[in-house]
Amino acid sequence: MTTTAHLAAGAGRVRLVRGAALVVLAVLAVAVGARTPLLLPDLVLPLVVAGALVGGPTRGALLGLGAGWVVDLVPPGSALLGTAALTYAVCGLLAGAGRREGLASWRWVAVVGVLCSTVLLGGGAIVALLAGSALSPADTVVRLVLTALLCALTVPALVRAEQQLRARS
């Protein structure tokens, strides 16, 4: 097999694993969220941020768009179809713009995760306000902190796992 064929096979494997993980995490977030009164972090965002940090801004935006469509379509979905897709796409674009060649420091990855968490939850808050939905600022801030913390803790490991999966192929 040629080097190009190896790279294509590795990229295909990464896309398949990432896509399956996005669907599982979106369904898990809805299933757990429906059964607990606790506020939960966004489980899909760390995967988008990690994929964007590895793939760059264009791939990050496309990954975010796809992840947002999954979030929009998993019941109960979004009140305005497509809003999650747009906010995740912006997060993917932003995270992809933060891509660094070689190994990025944990601090840099955490900063990108915090920025993307702010964009995602800020966009969701704006959509909720425009739709006339009730919005608790305290709940939004707690969810922002939880999502940012989840990104800071998981994105470095996800980036490393994606790089190893690509290298192994």
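Since the model is a prediction, treat every value here as computed from it, not as a measurement.
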Inset, instruction - Answer with yes or no whether the hydrophobic clustering places Leu40 together with Leu146; edges join I, L, V, M, F, W, Y residues whose side-chain heavy atoms lie under 4.5 Å apart. - result: no
Inset, instruction - Verify the cluster assignment for Leu150 and Leu53: are they in a single hydrophobic cluster under the rule of side-chain heavy atoms below 4.5 Å apart? - result: yes
Legend entry - Cluster overlap Val24 with Leu158, hydrophobic side-chain contacts below 4.5 Å: no
Inset, instruction - Please step through side-chain contact (heavy atoms from CB on, under 4.5 Å) for the pair Leu25 and Val70, ending with a clear verdict. - result: CA-CA 10 Å; Leu25 288 173; Val70 170; over 6 Å; no
Inset, instruction - Kindly compute the distance separating CG (Asp72) from CG (Leu65), expressed to the nearest 0.5 Å. - result: 9.5 Å
Legend entry - Heavy-atom closest contact (Ala84 atom, Val71 atom, distance): CB-CG1, 4.1 Å
Legend entry - Non-hydrogen atoms of Gly98 and Trp108 that approach each other most closely: O-NE1, 2.7 Å
Inset, instruction - Hey, could you give me the CG/OG distance between Leu144 and Ser117, rounded to the nearest 0.5 Å? - result: 6.0 Å
Inset, instruction - Keeping the roles fixed (side chain from Arg35, backbone from Ala31), state whether a donor-acceptor pair exists under 3.5 Å. - result: yes
Inset, instruction - Search all heavy atoms of Gly64 against all heavy atoms of Val48 and return the closest pair with its distance. - result: CA-CG1, 3.9 Å
Legend entry - Nearest-0.5 Å distance that lies between atom CG in Leu38 and atom CZ in Arg143: 13.0 Å
Legend entry - For Ala148 against Val114, the heavy-atom pair lying closest together: CB-CG2, 3.7 Å
Legend entry - Nearest atoms (heavy-atom pairs only) where Leu135 meets Ala128: CD1-CB, 4.3 Å
Inset, instruction - Could you name each residue pair satisfying side chain to side chain donor-acceptor pair (under 3.5 Å) that touches residues 87-96, not counting sequence neighbours? - result: Asp42-Tyr88
Legend entry - Minimum heavy-atom distance between Pro46 and Val155, given as atom pair plus value: O-CG2, 3.6 Å
Inset, instruction - Would you indicate whether Arg59, at its atom CZ, is surrounded by more than 12 heavy atoms from other residues, nucleotides or ligands within a distance under 6.0 Å? - result: no
Inset, instruction - Would you give the length of the straight line joining atom OG1 of Thr154 to atom CG of Leu47, rounded to the nearest 0.5 angstrom? - result: 8.5 Å
Inset, instruction - Mind checking the CD1-OG1 spacing from Ile126 to Thr83? Nearest 0.5 Å is all I need. - result: 11.5 Å
Inset, instruction - For residues Leu153 and Leu149, determine if any side-chain heavy atom of one lies less than 4.5 Å from a side-chain heavy atom of the other. - result: yes
Inset, instruction - Check the hydrophobic clustering (I, L, V, M, F, W, Y; side-chain heavy atoms under 4.5 Å; chains of links allowed) and say if Leu120 and Trp69 are grouped together. - result: no
Legend entry - Path from Leu130 to Val127 over hydrophobic side-chain contacts below 4.5 Å: no
Legend entry - Stepwise side-chain contact (heavy atoms from CB on, under 4.5 Å) test for Leu63 and Leu22: CA-CA 10 Å; Leu63 174 62; Leu22 283 173; 3.8 Å; yes
Legend entry - Val119 and Leu94, any side-chain heavy atoms less than 4.5 Å apart: yes
Inset, instruction - Calculate, to the nearest 0.5 Å, the distance between atoms CG and OG1 belonging to Leu45 and Thr147 respectively. - result: 7.0 Å
